[in-house]
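Residue numbers start from 1 in every chain, and the chains themselves are labelled A, B, ... in the order their sequence lines are given, proteins ahead of strands.
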Amino acid sequence: MSISDDPFDLGREPDESPSERPGVPVRADAPYLRALNDKQREAVEAMDGPVLVLAGAGTGKTRVLTTRLAHILATRRAWPGQILAVTFTNKAAREMRERIGALIGGVVEGMQWLGTFHSLGAKILRRHAELVGLKSNFTILDTDDQIRLIKQVMQAENIDEKRWPARVFAAILDRWKNRGWSPEKVPASEAEGFARGRGIEIYKLYQQRLKTLNAADFGDLLLENLRLFQDHPDVLADYQRRFVYMLVDEYQDTNVAQYLWLRLLAQGHKNICCVGDDDQSIYGWRGAEVDNILRFEKDFPGAKVIRLEQNYRSTPEILGVASGLISANAGRLGKTLWTEADKGEPVTVMGAWDSETEARLVGDEIEALQSKGRKLAEIAILVRASFQMREFEERFLTLGINYRVIGGPRFYERMEVRDALAYLRVIYQEDDDLAFERIFNKPKRGLGDKALLTLQTTARSQGTSLMGAARSLSATDELPAKARTVLAQLVQSFDRWRTAAASLNHVDLAEMVLDESGLTDMWQNDRSPDAPSRLENLKELVRSMEDFETLAGFLEHVSLVMEATEEAGDNDKVTLMTLHAAKGLEFPIVFLPGWEEGLFPSQRTMDENGIAGLEEERRLAYVGLTRAKEKAFILFVANRRTHGSWQSAIPSRFIDELPESMIERRMDEHSGFSTFGTGSRFDGQESFTSAYESPGWRRARAAGGFDPRRPVTIDENAELVATSDPRVASYAIGERVFHDKFGYGRVRRVDGNKLTVEFDTTGEKRVIDSFVKRA
DNA sequence: GTCCTAAATTTTTTT
DNA sequence: AATTTAGGAC
C-alpha cells in the first residue's frame with residue numbers, strides 16, 4: 001500500500017505509525033493559516049507534545065480547534081481515523097464536525113473518533129463489552145432508569161426509602177463515578193453519610209444488577225473504560241497507538257474520570273491539545289474539576305501553554321464589565337482580554353418591581369429594537385433557572401413576539417415516547433428489565449403488582465431476565481389463568497417483533513409495534529385533552545427514526561443525545577435559554593434577567609459549596625455577559641414569586657461588582673422604585689443608588705442583620721405587594737375569558753380566586769383569576 | 001386491579 | 001402553584 005497523494009485519503013490503515021507519513025510542508029501562506037492571529041497560529045502549529053490553550057471568551061477558540069485539525073490532516077501527520085477529538089456536549093461535537101467539514105470537505109466523515117466523552121466511551125465499550133462483563137448491545141440507562149434500579153436495590157436491602165431517597169443516592173453515586181471511583185475505591189469516609197454507611201454495599205449490588213440487565217449508566221461509560229484499560233493493557237496499548245493526535249474542547253469542564261481517561265490514552269503519542277478557559281468553568285456541580293486545567297503542566301511535562309486574549313466578539317464596554325466582574329474571583333489562571341473593536345454602548349442595568357414587570361420591560365425593549373430594524377434572531381434572553389422562562393413566554397405571547405426555547409422539556413423524556421422506546425428496547429435487548437417493567441402492563445392488560453412480583457421472584461430464582469421469567473411462567477400455573485394467557489400473548493408478540501426486526505427496517509418495525517402493542521389505540525381512545533398531541537409525538541418519533549440507519553443507531557442516539565432532531569425552518573425568533581445552555585454561543589443583543597441574591601447567585605449553590613460555589617456562579621455571570629456582541633441588559637426585581645408566594649429580593653451582589661464607568665443604570669418609572677428614590681435615573685447617577693436605600697430594602701437589611709445571601713420575606717411590604725396585584729372581580733360561570741398562554745375559554749367553576757376554565761384549544765385547566773381577562 | 005384523593009415535592013444547571 | 005407520588009377505597 002503506497003501513500004496516496006491525496007492527504008485526506010480515507011483508505012488507510014489506522015495503525016500505521018506516523019513515521020510512514022512524513023509531514024508535508026504547508027506553505028506559510030496557506031489560506032487557513034493566514035486568517036489567524038499570531039497566538040492562534042502558534043496554537044495551531046504547535047504540533048508535537050502536549051499543548052494547553054487558554055482561550056478566553058470570544059478569542060476564536062473553536063476556530064483554533066478546527067484549524068488545528070485541518071492542519072494536522074493537510075500536513076498528513078495523521079489520518080482522520082487517528083485523531084481523537086472530544087467535546088463536552090453533543091452540540092459542540094456537531095458544530096465541530098460541521099466547521100471542519102466546511103474547512104476540509106467530506107474528509108470529516110473519516111473522523112470516527114469525534115464526539116462527546118460519553119459517545120466515545122460507549123463506542124469503545126461496545127467493542128470490548130465482553131471484557132467487562134457486558135454484551136455489545138448493552139443498554140444505556142438514563143437518570144430515570146437509574147433511580148428506579150437504585151430503588152429496587154434499596155428495597156431488596158430493606159433500606160427505608162423515606163429516610164434515604166433513591167434520588168439522593170443517585171446523586172451520590174454520580175459524584176463517585178465522576179471521580180473515577182469503583183466500589184472498592186470509594187473512601188470509607190465518603191460513604192458514612194448515607195444509609196448508615198451502606199452506600200458502598202448498595203453501589204456493589206447496583207453494579208451487579210446492571211450486569212445482569214446488560215446495562216450501563218452514564219458514569220459507567222467512562223468508568224468501565226477505565227477498568228477495561230487497567231485490566232487489559234493490550235487493549236489500552238492499541239488505542240494509545242491509534243490516537244496520534246488528541247484534541248479536547250472545554251477542558252475546564254472535565255471531571256476526574258474523564259481526565260484519567262484522557263491521560264491514559266495520551267500516553268502513546270503524547271500529542272494532546274486541550275483547549276479551555278478556567279473562567280468559564282460552570283459545571284462543578286456535575287463533577288468538573290477546574291484543577292484539571294490548573295495542573296495540566298504537571299501532568300504533561302514540557303507542555304506548551306498558549307494564551308488567547310484578543311477578543312473578536314464584544315465591545316470594549318461588555319468586555320470591561322465582564323472582566324471587572326470576574327476579577328472578583330480568587331482562584332484564576334488570569335487572562336486579560338482585549339479588543340480592537342470600537343467603543344460601543346454601556347451595559348444597561350435595570351431594576352423592576354416584580355418579575356412580571358421585568359418581562360414587560362424586556363418585551364418593550366425588544367419591540368423598540370425591532371422598530372430600529374433589529375432582527376429577533378439577534379436577541380437572546382439568558383436565565384439562571386428554567387422556571388424564569390415562563391413569564392417571558394407569557395409576555396411574548398401577548399406581544400406576539402416569536403420566540404424559541406432551547407433545552408426545554410425533552411422530546412425523548414415524554415411519557416408516551418418513553419413507553420414506545422421501551423418496547424423497542426426490549427425487542428433489541430431482551431434483558432432490559434427496566435424497559436420491560438415499564439410497558440408490561442401498558443396499555444393495560446390486567447397485569448399488576450402481583451404479576452410483577454411473581455415475575456421478579458421467578459427471574460431471580462432462575463437467574464434470568466423478566467422476559468425469561470415471563471416465558472417460563474406461561475407454562476406453569478403459578479399465575480392465575482387470565483394473567484398467564486395475557487403474559488403468554490405478550491411474550492409471543494415480542495417474539496414475533498424480534499423475528500420481524502431481522503427482515504424489516506426499523507421504521508416499519510416501529511410502526512408495527514406501535515400498532516400491534518395497542519399503544520396507538522390507547523391514545524386514540526383516550527379522551528384527555530393532551531391525547532392528540534401525544535399521538536402526534538408518537539408519529540414524530542417514528543419520523544425521527546428515519547434519520548438513522550439501524551435500530552441500534554437510533555437507540556444509541558436517544559440515550560446519548562436525548563434531544564430531538566432540530567426542527568427545520570430558521571424563523572426569526574428570540575432565543576430563550578439557560579445560561580448553561582448558552583455557553584459557546586453568541587448574540588448581538590443579550591438580556592440577563594433575574595440578577596437577585598438567592599436566584600443568581602443561587603442560594604443552593606452557595607449553601608452547598610460556599611465560596612467555590614459563589615465563584616462558579618460568578619463565572620456563570622461572566623459567561624452570560626460575554627455572549628453579547630453589541631449590547632447587554634442586566635435586570636433585577638424587588639419581588640419574585642417562588643413556590644407560589646411572593647418573596648422580596650435584593651439586587652445580586654454581582655451588580656455591585658460591575659465597573660461603574662461602563663454601565664448605565666435605568667429605573668422603570670412604573671416599577672415602584674421611583675417613588676422611593678429622589679428622582680428618576682435620567683437626571684443623575686446617585687438616584688439609582690438611593691433606590692437601594694429605599695425603606696423596603698433598608699428594612700430588608702435590618703431585619704436579618706443584612707445577610708445578603710438570604711432574601712428576607714418582609715411583612716411590611718405586604719400592602720405594596722397587594723397593590724401590584726389589583727383585585728380582580730370574580731368571574732361568573734359560563735363567562736368567556738382569555739388567557740395569555742391557553743387562549744380563549746369558558747369558565748366552568750369558580751373556587752375563590754381559582755377558576756376552572758374549558759379552553760377552546762387545550763381543554764379544561766385550573767387557572768388563577770388574575771391570569772385571565774374577560775374576553 | 002383500578003381509580004380517586006391527599007400529600008409531598010419541586011426551582012438550578014446536563015452527558 | 002402545579003405536578004408527581006402514595007395510600008386507600010371500591
## Note on the structure
Sorted by chain and number, sequence neighbours left out, salt bridge (Lys or Arg N to Asp or Glu O under 4.0 Å) with A:E596 holds for A:R640
### Summary
Whole-Å distance, A:E289 CD to B:dT15 P, equals 19 Å
### Message
In this structure, how many angstroms lie between the C1' atom of B:dT15 and the OH atom of A:Y412, rounded?
### Response
16 Å
### Message
According to salt bridge (Lys or Arg N to Asp or Glu O under 4.0 Å), who are the partners of A:E608, at least two apart in sequence or on a separate chain?
### Response
A:R604
### Task
Could you check how far CZ of A:R148 sits from C1' of C:dT4, rounded to whole Å?
15 Å
### Charged N-O contact under 4.0 Å between A:R425 and A:D145
yes
### Task
Check the distance between B:dT15's P and A:D220's CG and give it to me in whole angstrom.
18 Å
## Note on the structure
Only residue of A:Y259, A:Y251, A:F218, A:W261 satisfying ring pair (Phe, Tyr, Trp, His ring centres under 6.0 Å) with A:F117 is A:W261
### Message
Rounded to whole Å, please give me the gap between CD1 in A:I147 and P in C:dT4.
### Response
14 Å
### Query
Once you round it to whole Å, what is the distance between P of B:dT14 and NZ of A:K583?
12 Å
### Query
What is the distance from CG of A:N178 to P of B:dT13, rounded to the nearest Å?
18 Å
### Whole-angstrom distance between B:dT13 and C:dT4, as gauged at atom P
16 Å
### Summary
A:R627 atom CZ is separated from B:dT13 atom C1', nearest whole Å, by 15 Å
### A:R627: partners by salt bridge (Lys or Arg N to Asp or Glu O under 4.0 Å), with sequence neighbours left out
none
### Task
Just jot down the ring pair (Phe, Tyr, Trp, His ring centres under 6.0 Å) partners of A:F440, sequence neighbours excluded, or say none.
none
Please list, pair by pair, any protein nitrogen or oxygen found under 3.5 Å from a nitrogen or oxygen in nucleotides 10-12 of chain B.
{"from": "B:dT12", "atom 1": "OP1", "to": "A:R604", "atom 2": "NH1", "distance (Å)": "2.0"}
{"from": "B:dT12", "atom 1": "O2", "to": "A:R384", "atom 2": "NH1", "distance (Å)": "2.5"}
{"from": "B:dT12", "atom 1": "O2", "to": "A:R384", "atom 2": "NH2", "distance (Å)": "2.0"}
{"from": "B:dT12", "atom 1": "N3", "to": "A:R384", "atom 2": "NH2", "distance (Å)": "3.4"}
{"from": "B:dT12", "atom 1": "N3", "to": "A:T605", "atom 2": "OG1", "distance (Å)": "3.1"}
{"from": "B:dT12", "atom 1": "O4", "to": "A:T605", "atom 2": "OG1", "distance (Å)": "3.2"}

### Query
What is the nucleic acid contact for A:F117, judged by heavy atoms within less than 4.0 Å: base, sugar-phosphate only, or nothing?
nothing
### Task
Could you list the residues that satisfy salt bridge (Lys or Arg N to Asp or Glu O under 4.0 Å) with A:R286, not counting sequence neighbours?
none
### Message
By the side chain to side chain donor-acceptor pair (under 3.5 Å) test, which pairs, at least two apart or in different chains, include something from residues 166-175 of chain A?
### Response
A:R175-A:E190
Atom pairs, protein N/O to nucleotides 1-3 of chain B N/O, distance under 3.5 Å:
{"from": "B:dG1", "atom 1": "OP1", "to": "A:G448", "atom 2": "N", "distance (Å)": "2.4"}

#### Entry: For A:F436, ring pair (Phe, Tyr, Trp, His ring centres under 6.0 Å) partners two or more places apart
none
